[in-house]
Amino acid sequence: MSLIVQKYGGTSVGDVERIKNVARRAIAAKKAGHQVVVVVSAMSGETNRLLKLVHGISERPNEREQDVVVATGEQVTIGLTSIAIDAQGGKARSFMGHQCRIVTDSTFSKARIKRIDADGIFEALKKGEIAVIAGFQGVDEEGNVTTLGRGGSDTTAVAIAAAIKADACEIYTDVDGVYTTDPNVAPKARKLDRISYEEMLELASLGAKVLQIRSVEIAMKFKVPLWVKSSFSDDPGTLVCEEDEEMEDILVSGVALDRNEARVSVRDVPDQPGMAAKIFGALDERAISVDLIVQNTPVKGKTDLTFTVGKADLLKTQDVMKKVVKQLKAGPVEVDDQCAKVSIVGVGMRTHSGVAARMFKTLSAEGVNILAISTSEIRVSCLIPGKYAELAVRALHSEFGLDTKA
Ligand code: ADP
Ligand code: ASP
Ligand code: MG
């Protein structure tokens, strides 16, 4: 008998019929002889609806209370899914984050999991029940409700799989696997049978929201075999696993697009030691993560510093920067929330050169201006004006030979 964790995303539990479908699938897995843990997200659109209610009241809501509101979406789906399993003759028990218990730190809206006390889950499994767990939510040491960041149910599922030493973690979503790029942006995207943890980590961190980045980090660390599958078909999906030799022959495995970053430029920063430390230290104090960073060559003792942050953190960033520029006697701060980041990823880049140059040439041939660049061993990212985002993805997908053969 094997132990499996199945996670169903928002679209897969989007209405009552779909919830019944999830129940059918979970019961089928149980009947096939497995012990089954189901993790569910809120119904699609629900988390956005809850956030809109919050922001209708305050632009800068109390973060603890915001989590109290947005965590409710998943409470509804665990109850409904358990009722559906029951109605179809199965046995189920629902668990909220604090009942599991998924203990996190206290960084509201992007809390990190510290540990999972899985006794309750094991108890339910021992009784032959399907454990149905709320994704996305946890509880801190003081008992406050926390949430794990957008897309956080993936992380709940993989963390639980690691904690209970599951034989597999299956992420059910609205596409039938991981593609070379978002299939909803590039119709020529190709489904991958396998992808390495590392490449998936890069793709996820670059905005391929099919898996939340932290879920991939945990899967890689604890070697959880991770599948991405469709809840609407029986396609075997994509296996996220350890890298093998065959994978290195492929130069670029995927292209990612992220529209969720905003660009912030600080003009006239005095060219002295410690300036960057002060700016990024102040952002870090408010738990704002910074992505791309570019510093211009100084002219007359002053320089410009450009970086990107998540759009959700832009207002907080502007508040922080207002204070910091005053302290540093730096110049005006400009923001641009109409940019996009396109990236190419592949473990093959380790052994081949000239990939970045080919990317820049492709973008330039399409008339796309590059605003900032960053690279890692297996990735190149370019920040570009948002209106060119889809064009850039399709051009790069074609250039690196990823298009499906027509
Ligand atoms: P869920 O609600 O099931 O968690 P998400 O909307 O979070 O689903 O993630 C699935 C979506 O991820 C797909 O509908 C697709 O548009 C998007 N996506 C982005 N990049 C990729 C990729 N490389 N492969 C597959 N899907 C991708
Ligand atoms: N419901 C949460 C969200 O929309 C978590 C998830 O779907 O994974 O971000
Ligand atoms: Mg998701």
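First listed ligand is number 1; within each ligand, the first listed atom is number 1. These numbers were taken from a predicted model, which means no experiment stands behind them.
- Ion pairing of E399 with R358 is present here, as a side-chain N (NZ or NE/NH1/NH2) and a carboxylate O approach within less than 4.0 Å.
- Only the side chain of S41 comes within 4.0 Å of ligand 2, judged by heavy-atom distances.
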Contact table ligand 1 N or O to protein N or O, d under 3.5 Å:
residue  : atom   : partner : partner atom : Å
ligand 1 : 2 (O)  : G10     : N            : 3.1
ligand 1 : 3 (O)  : T173    : OG1          : 2.7
ligand 1 : 4 (O)  : K7      : NZ           : 3.1
ligand 1 : 6 (O)  : K209    : NZ           : 3.2
ligand 1 : 7 (O)  : K209    : O            : 3.4
ligand 1 : 8 (O)  : T173    : OG1          : 3.1
ligand 1 : 14 (O) : D174    : OD1          : 2.8
ligand 1 : 14 (O) : D174    : OD2          : 3.4
ligand 1 : 14 (O) : N184    : ND2          : 3.2
ligand 1 : 16 (O) : D182    : OD1          : 2.8
ligand 1 : 16 (O) : D182    : OD2          : 3.2
ligand 1 : 16 (O) : N184    : ND2          : 2.7
ligand 1 : 23 (N) : Y179    : O            : 2.9
ligand 1 : 24 (N) : Y179    : N            : 2.9

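- To the nearest 0.5 angstrom, S253 atom OG is 14.0 Å from R379 atom CZ.
- Between G152 and ligand 2 there is a heavy-atom distance shorter than 4.0 Å.
- If you check the side chains of D67 and T147, you find a donor sitting under 3.5 Å from an acceptor.
- Below 30°, between 30° and 60°, or above 60°: for Y8 and Y172 the angle between ring planes is below 30°, a parallel geometry.
- Under the 3.5 Å distance criterion, the side-chain polar atoms of T306 are left unmatched by any main-chain donor or acceptor of S265.
- Counting only distance, with no hydrogens or angles, the side chain of K30 and the backbone of Q35 share no donor-acceptor pair below 3.5 Å.
- For the residue pair T181 and H397, no side-chain donor N or O sits within less than 3.5 Å of a side-chain acceptor on the partner.
- Between R101 and D117, at least one side-chain nitrogen of the basic residue sits less than 4.0 Å from a carboxylate oxygen of the acidic one, meeting the salt-bridge criterion.
- Here the protein heavy atom with the shortest distance to atom 6 (C) of ligand 2 is S153 OG, 3.4 Å.
- Here E74 has side-chain heavy atoms under 4.0 Å from ligand 2, and that is the only part of it that gets that close.
- Taking a cut-off of under 4.0 Å to the non-hydrogen atoms of R150, the atoms of ligand 2 that pass are 3 (C), 4 (O), 9 (O).
- Side-chain atoms of R267 and N296 include no donor-acceptor pair closer than 3.5 Å.
- Ligand 2 lies within reach of G151, whose nearest heavy atom is under 4.0 Å from it.
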